[in-house]
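So you know, we letter chains A, B, ... as the sequences are listed, proteins then strands, and number each from 1. Only this structure's heavy atoms are used, side chains among them; waters, hydrogens and symmetry mates stay out. Since we're looking at a predicted model, the values are computed, not measured.
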Amino acid sequence: MKSILSNIIAKHLEGLGLPQPAEIVLDEPKAKEHGDLSSNVALVLAKAAKQPPPKLAAQLAESLGRETEIFEKIEVKGPGFINFFLKPTAYHASLKSLWQDPNALKKLDLGRGTRVLVEFVSANPTGPMHVGHGRNAVVGDCISRLLEEVGFEVSREFYVNDHGVQIKTLGHSGCHYHTVMTEVRGVEIALPEDVYKGQYLEDLVTELKDRIAPIKHDPLAVGKLLGVELLETIKEELLRLNIVFSRYYSESSLYDGGKIDEALAVLRASGLTYEKEGALWFKTSEYGDDKDRVLIKSDNTYTYLTPDIAYHKDKFDRGYDLYLNVMGADHGGYTQRLKAAVAALGHNPDKLEFLLMQLVNLKRGGEVVNMSKRTGDYVTLHEVIDEVGKDAVRFFFMMRSHNATLDFDLELAKQQSSDNPVFYIQYAHARMSSIFRKAEEAGYPSAEALGEVDLTPLQLEEEITLIKTLLAYPEMLKGAVQFREAHRVAFYLLDLAKTFQNYYTRAKGDDRYRVLTPHRETTLAKLYLVKTLREVFFAQPVHLAIGRGDRRSLPGLSLGSAIREDDLPGRHGAHHGQPARHARVGSARSPHGEGASAAR
RNA sequence: GCGCCCAUAGCUCAGUUGGAUAGAGCAUCAGCCUUCUAAGCUGAGGGUCGCAGGUUCGAAUCCUGCUGGGCGCGCCA
């Protein structure tokens, strides 16, 4: 709609012999007295045209007024805004051109095949994921889907820290538990300070008891065994959230493949390293870091950074156009180092972009759920999904801007009322489906079979508002992708649902608002509108928020009848949890004080 | 002390990237069920956009300084 209009304006500017602005900006005014769309071209051009804005605006408005098939009226207001009031027909045409062709939205090809590597989650395989990981996972997945939707080619990677001290520590932890349960059964043995603790380890060690026994002399081997298993449970958890990675990139493979030596060789050759006090340093300060960083410690082992540099070298060697790393804000200081490394390796550091996720506060009915690091107690992502369901988890995590802390209220997330945005959206969708069910009973075609429809009967203000909201979809998508802000999708959905609920409810007191009317042509037009609305809920970036579970209508639900839990939208996905292998995870602890934020 | 992030209604947060009278949900108050799901809808009250300057036709938005909060500043990962 905006592009159509700006073309027309450009044409008329030319016709009047006026200069063209860099861009013709059209806004949707907040106040409806200011029309459907409003432009500030006159204010922008005033200087170049050497005319006061109001005069310029009036001139342009008069010329544009001849486009009678589109404009209801054109007004000049304020300091020189031109306000356009559009005819419903203009909206009908736009709606069709945007949504009729299932590929129409693909024209919004911002990516043009640009290859993006999104790295996210990358949780250490030393224990179950917590809500911080959950947020990271959901946002990373949403951004990936958004990028794909607008024509980027996306690979999703999970960097697995399956090598190094945390695996050794995991091994030690496993050995201790093994000792406790096999050799001195029933006797309490205090665990050393710096091992992982938790029910999940006890369960896992019990399960793998026989495989641990023969390798118990080698804690690293035990750690690897446990790590592989824990990674599997992480994968299962991600799968429950409909998150699938293209690749799990093993840190160990960097060692095995000699990639770390390669990376180090390049850095050394670049002259950006030096030896000091028995360690190898990397001059990251030359790239804006606070100080130089150690690559090889004086005990001849690598720091965490070193294999990660090798990983990023490998990423860049694979030749993507953009690298997006989603990580916890507590790793913010790390970004400079990686960028420095990428630059030192001869690549463009601007291609490496970071999405820093702020913390998650888990709440229950407004009260903060204490996740004490000291006692090692935290609520796992598994438990949260069990409690509130997959859809709610996804929606709540994507609902907030990534650079604002997020409150996740367990009580709210599982509430079956409009207080809960997830429920609210699913309820709106259920009503749309219900309309189609009734329509089919009355002999109308199904949504899929609706075909070509004349939209002229859509004249109500609320119907035009609905169409406007639908037409805003591509721009919403564009903004969400450009700024990597998945929460825009959530707010858009909420807005769409609200607009529809309003429309729907008006039918209670006013038959004009009913979709199913005695007039076939009118009904068909309204069905087309509802169908299009419903399609938005199935659009890839949108449906990621609400899942497909709500697609079913709600049979057997009538006023006053008992409501069975299964009939409720919002609960689907909550029941097909994994077998509770690690479901009773009560506590876990990282000796390194890994907090409630997303790891990595 | 330095770096990144945040500060908008009583609470939780949006704000189309500089536009007109700053919005939504919750909470509070007042209404609405013979008709496509009332698990819903409508309306009302509620604001020095943290503070102070600056940029310009115009600032919640951009710049500078300050205040308050979160995170980070290891030869940890």
Touch check for [X], heavy atoms < 4.0 angstrom, all strands: base, sugar-phosphate only, or nothing?
| X | value |
| --- | --- |
| A:Thr303 | sugar-phosphate |
| A:Asp511 | base |
| A:Phe500 | nothing |
| A:Glu277 | base |
| A:Gly509 | base |
| A:Glu33 | base |
| A:Phe436 | nothing |
| A:Glu28 | base |
| A:Thr301 | nothing |

Rounded off to whole Å, could you give me the [atom1]-to-[atom2] distance for the [X] and [N] pair?
| X | N | atom1 | atom2 | answer |
| --- | --- | --- | --- | --- |
| A:Lys291 | B:G1 | NZ | P | 17 Å |
| A:His331 | B:G74 | NE2 | C1' | 13 Å |
| A:Leu26 | B:G19 | CG | C1' | 13 Å |
| A:Leu477 | B:U16 | CG | C1' | 14 Å |
| A:Arg506 | B:U42 | CZ | C1' | 8 Å |
| A:Glu485 | B:A14 | CD | C1' | 11 Å |
| A:Tyr504 | B:A39 | OH | P | 11 Å |
| A:Arg337 | B:C73 | CZ | P | 7 Å |

Please name the pair of heavy atoms, one in [X] and one in [Y], separated by the smallest distance, quoted to 0.1 Å.
| X | Y | answer |
| --- | --- | --- |
| A:Tyr311 | A:Glu119 | CE2-OE1, 3.4 Å |
| A:Asn124 | A:Ile234 | O-CD1, 4.0 Å |
| A:Pro19 | A:Leu45 | O-CD1, 3.4 Å |
| A:Ala490 | A:Met399 | CB-CA, 4.0 Å |
| A:Leu272 | A:Tyr287 | CD1-OH, 3.3 Å |
| A:Glu251 | A:Asp162 | N-OD1, 3.1 Å |

[N] versus [M] - spacing of their [atom1] atoms, nearest Å:
| N | M | atom1 | result |
| --- | --- | --- | --- |
| B:C49 | B:A22 | P | 10 Å |
| B:U61 | B:A77 | P | 43 Å |
| B:U28 | B:C66 | C1' | 36 Å |
| B:G68 | B:A52 | C1' | 15 Å |
| B:A7 | B:C13 | P | 10 Å |
| B:G45 | B:C63 | C1' | 38 Å |
| B:G69 | B:U8 | P | 14 Å |
| B:G23 | B:G43 | P | 14 Å |

Under the rule of Watson-Crick or G-U wobble with both distances under 3.5 Å, where | means paired to another strand and [ ] a crossing pair, RNA chain B maps to (((((.(..((((.....[...)))).(((((.......))))).....(((((..]....)))))).)))))....
When only distance counts, do a donor and an acceptor, one from the side chain of [X] and one from the base of [N], lie under 3.5 Å apart?
| X | N | value |
| --- | --- | --- |
| A:Ser401 | B:A14 | no |
| A:Asn83 | B:A20 | yes |
| A:Asp330 | B:G72 | no |

Could you write out each protein N or O paired with an N or O of nucleotides 22-25 of chain B at a distance under 3.5 Å?
{"unit_1": "B:G25", "atom_1": "OP1", "unit_2": "A:Lys498", "atom_2": "NZ", "d": "2.9"}

May I ask you to decide if the ring planes of A:Phe408 and A:Phe397 are parallel, tilted or perpendicular, using 30° and 60° as cut-offs? tilted
Does the plane of the ring in A:His487 sit parallel, tilted or perpendicular to the ring in A:Phe491? Use 30° and 60° as the thresholds.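 Rings of A:His487 and A:Phe491: perpendicular, over 60°.
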Given protein heavy atoms under 4.0 Å, the one-letter contact record of nucleotides 2-12 of chain B, with B base, S sugar-phosphate only and - none, is simply ---SS-----S
The side chain of [X] is closest to which nucleotide in this list: [options]?
| X | options | value |
| --- | --- | --- |
| A:Asn124 | B:G40, B:C36, B:A77 | B:A77 |
| A:Phe423 | B:A39, B:A14, B:C75 | B:A39 |
| A:Phe491 | B:G70, B:A38, B:C13 | B:C13 |
| A:Phe81 | B:G19, B:C73, B:A14 | B:G19 |

Can you measure from [atom1] ([X]) to [atom2] ([Y]) and round to the nearest 0.5 angstrom?
| X | Y | atom1 | atom2 | answer |
| --- | --- | --- | --- | --- |
| A:Tyr424 | A:Gln501 | OH | CD | 4.5 Å |
| A:Arg293 | A:Ile309 | CZ | CD1 | 11.5 Å |
| A:Ser38 | A:Phe84 | OG | CZ | 8.0 Å |

In the structure I gave you, are the side-chain heavy atoms of A:Asn420 and A:Gln426 within less than 4.5 Å of one another anywhere? no
If we only count heavy atoms from C-beta on, is the A:Phe537 to A:Ile425 side-chain gap below 4.5 Å?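 A side-chain contact exists here, since the closest heavy-atom pair is under 4.5 Å.
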Are A:Glu462 and A:Arg506 ion-paired here, with the side-chain N under 4.0 Å from a carboxylate O? yes
Output yes when A:Glu353 and A:Arg484 qualify as a salt bridge under the 4.0 Å nitrogen-oxygen rule, no when they do not. yes
Less than 4.0 angstrom between a side-chain N/O of [X] and OP1 or OP2 of [N], yes or no?
| X | N | answer |
| --- | --- | --- |
| A:Lys297 | B:C76 | yes |
| A:Tyr424 | B:A38 | no |
| A:His487 | B:G15 | yes |

Report the glycosidic orientation of B:C33: syn if within 90° of 0, anti in every other case.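 Base orientation: syn.
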